[in-house]
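Computed from a prediction, not measured in an experiment: that's the story for all the values here. Residue numbering restarts at 1 for every chain, and letters A, B, ... go by the order of the sequence lines.
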2 protein chains.
Amino acid sequence: MVSEKTIGRLSLYRRLLNGLMEENRRNIYSRELALLAGGTAPQVRRDLMSIGYSGSTASGYDVADLADSISGFLGNPGGTSGVIVGAGNLGRAIISYFASRRPMLKLLAAFDNDPSKIGAEVCGRPCWDIAELSEKVAEFGVRLGVITVPAEAAQETGDRLVFAGVTGILNFAPSRLRVPDNVYVEHVDLTTSMEKVAYFVQSNTQRRTLEA
Amino acid sequence: MVSEKTIGRLSLYRRLLNGLMEENRRNIYSRELALLAGGTAPQVRRDLMSIGYSGSTASGYDVADLADSISGFLGNPGGTSGVIVGAGNLGRAIISYFASRRPMLKLLAAFDNDPSKIGAEVCGRPCWDIAELSEKVAEFGVRLGVITVPAEAAQETGDRLVFAGVTGILNFAPSRLRVPDNVYVEHVDLTTSMEKVAYFVQSNTQRRTLEA
DNA sequence: TAGATTGTTAATCGATTAACAATC
DNA sequence: TAGATTGTTAATCGATTAACAATC
């Protein structure tokens, strides 16, 4: 019903609205929200209509009420707990990134296969042996997993997570995961993102050089 | 001409091909590459056709030759140097992430406004005062910037980078940047990515609960 | 040749955009 | 009322998918 892109934008709208509430803003127009979110006004209205929320003509949307409605639809991400597999540089950064935000993902533990990390604490979270992954995930009833292992190990890691009952994966490894239909995978490829920017920078530079 | 999505996929293809070369694979079919990249075979062929590369029937694509052609089109990301603004948890992680990969972005320096960080080293890179940003960026001829500052400071940071001559920005702050037409912005919003996964996990859980 | 693959063309699908009537 | 905004409908655009001819 509601598209995946809309889900992502609603998440952004909610955070923008929370920011506005701190400034005591009461109402907002689709045009303003679109400007903040980097979209268009009709798009914002369509997104909100898709979750059954209506604004009122001439006064737009009530900031607090809209934030509540989006939360009612998206649910509370802070109520979801997860685990992270791969306690390298990126893994540690993700842990501290999410730990420093309030209504955010609770990462209960990290997993790694490096003996020097197993048993230690990583950014305040315990780091366990990957061999214990299935057991621990099932024990805590975790349904969300974050993958920050090298590309070669990503599929095996995904398989383990799914086997243990995880139904949502945030994958930072640059390889696509094959998972059952009921499992959702969100893919974040930092290297691709960076290379896209590098490409446009280089083509821009070339254009300038040719013009000169 | 070539779509932005294709640019991103070509980046992934190149890395997958580099991996295959280490295994001494000589040729590959669109179907196999699609499986690795998480796409479809016609899509892979279309992407390659869009950069003027042709395979041969019955033997597919030459791995080394294709990797070369993609590199000829995308350019060398390792030849691009950049700076990062914001030396917090995420900023440090990004520095170490890109530093640990070979043909990757060279981040020359970090910038921050925290006096305790200015003058220090951050993951082997110097950390300078944001006030010096324009001067330093112009001095080194940097054209790529990474933004890892809080949302409130993102637009100002982007303005400074653009003013100093940056034409490509990798933005990790959850707010859209307004930039001139000749500047390319790639947006990575980790919180949105995570909340999308959390949403699908929760809706999955609800469905299961209702079924039970 | 037979079989599998590639490149090309047409059809489909989805999302975005534009135009307009309804509303406060 | 006048003006600006919302929700709705139709048109456009782009990318993906499917079907097919060409090729080794």
Side-chain angles (χ1 to χ4, degrees), chain A residues 1-13 16-17 20 25-67 69-70 73 176 181 184-187 192 196, chain B residues 1-13 16-17 20 25-67 69-70 73 176 181 184-185 187 192 196 200:
Chain A
M1 188 77 184
V2 177
S3 80
E4 193 188 312
K5 291 190 175 180
T6 294
I7 303 292
R9 286 192 295 253
L10 288 171
S11 160
L12 181 57
Y13 298 157
L16 294 169
L17 291 167
L20 291 170
R25 273 291 301 271
R26 306 301 294 270
N27 68 328
I28 190 167
Y29 300 116
S30 57
R31 185 162 43 91
E32 295 177 270
L33 195 51
L35 196 66
L36 293 170
T40 62
Q43 185 180 65
V44 168
R45 293 202 294 271
R46 195 165 22 81
D47 287 338
L48 300 184
M49 278 158 46
S50 72
I51 61 168
Y53 191 86
S54 293
S56 58
T57 54
S59 64
Y61 301 88
D62 184 283
V63 170
D65 192 46
L66 177 54
S69 282
I70 294 177
F73 179 82
R176 300 285 155 168
D181 282 346
Y184 177 80
V185 178
E186 175 80 11
H187 196 79
T192 289
K196 280 172 74 176
Chain B
M1 186 78 186
V2 177
S3 80
E4 193 189 312
K5 291 192 175 181
T6 293
I7 304 290
R9 286 192 295 254
L10 288 171
S11 160
L12 181 57
Y13 299 159
L16 293 170
L17 291 165
L20 291 169
R25 273 291 301 270
R26 306 301 293 271
N27 68 328
I28 190 167
Y29 300 116
S30 57
R31 187 161 42 91
E32 295 177 270
L33 195 51
L35 197 65
L36 293 170
T40 63
Q43 184 180 67
V44 168
R45 293 203 292 272
R46 194 165 21 83
D47 286 338
L48 300 183
M49 279 158 45
S50 72
I51 62 167
Y53 192 85
S54 293
S56 57
T57 54
S59 64
Y61 301 88
D62 183 282
V63 170
D65 192 45
L66 177 54
S69 283
I70 294 177
F73 179 82
R176 302 283 155 168
D181 282 346
Y184 176 81
V185 178
H187 196 80
T192 289
K196 280 172 74 176
F200 285 104

- Query: For C:dG3, does either OP1 or OP2 sit under 4.0 Å from a side-chain N or O belonging to B:Y29?
  - Reply: no
- Step through the shown structure and confirm whether more than 12 heavy atoms of other residues, nucleotides or ligands are within 6.0 Å of CZ on A:R26. no
- Note on the structure: If pairing means Watson-Crick or G-U wobble with both distances under 3.5 Å, then the partner of C:dA11 is D:dT16
- For C:dT23, does either OP1 or OP2 sit under 4.0 Å from a side-chain N or O belonging to A:S56? no
- Message: In this structure, how many angstroms lie between the P atom of C:dT16 and the CD atom of A:Q43, rounded?
- Response: 5 Å
- Would you say B:R45 reaches C:dT9's phosphate, i.e. side-chain N/O to OP1/OP2 under 4.0 Å? no
- Task: Enumerate the residue pairs fulfilling salt bridge (Lys or Arg N to Asp or Glu O under 4.0 Å) with a member in residues 43-64 of chain B, sequence neighbours excluded, ordered by first and then second residue.
- Result: B:R9-B:D47
- Take atom CD1 of B:I28 and atom P of C:dT6, then tell me their distance rounded to the nearest Å. 10 Å
- Task: When you get a sec, tell me which of C:dT6, D:dG7, D:dT17 is the closest nucleotide to the side chain of A:S54?
- Result: D:dG7
- Query: What is the distance from CE of A:M49 to P of C:dA22, rounded to the nearest Å?
  - Reply: 16 Å
- Contact check, side chains of B:F73 and B:V2, non-hydrogen atoms, under 4.5 Å: yes
- Note on the structure: Result for 5'-nearest mapping on DNA chain C, choosing between B:L48 and A:E4, is B:L48
- Got A:L48 and A:Y13 here, is their nearest side-chain heavy-atom distance under 4.5 Å? yes
- Item | Gap between atoms CG and C1', on A:N27 and C:dC24 respectively (whole Å) | 13 Å
- Could you state the atom-to-atom distance from CD1 of A:I7 to P of C:dA15 in whole Å? 12 Å
- Hey, does B:Q43 have a side-chain heavy atom less than 4.5 Å from the side chain of B:K5? no
- Can you find a donor-acceptor pair, distance only, under 3.5 Å between B:T57 side chain and C:dT5 base? no
- Message: For C:dT6 and B:S30 - does any side-chain N or O of the residue sit under 4.0 Å from the phosphate oxygens OP1/OP2?
- Response: yes
- Considering only heavy side-chain atoms of B:R31, the closest of C:dT5, C:dT8, D:dT16 is C:dT5
- Item | N or O in side chain of A:R46 less than 4.0 angstrom from D:dG7 OP1/OP2 | no
- Note on the structure: Heavy-atom nearest nucleotide on DNA chain C taken for A:R9 and for A:A58; more 5' hit belongs to A:R9
- Task: State which of C:dT16, D:dT16, C:dG7 makes the closest approach to the side chain of B:K5.
- Result: D:dT16
- What nucleic acid atoms does B:S59 come within less than 4.0 Å of, heavy atoms only: base, sugar-phosphate, or nothing? nothing
- Task: Report the base-pairing partner of D:dC24 (Watson-Crick or G-U wobble, both distances below 3.5 angstrom), or none.
- Result: C:dG3
- Note on the structure: Rounded to whole Å, the CG-C1' distance (A:D47 to C:dA15) equals 11 Å
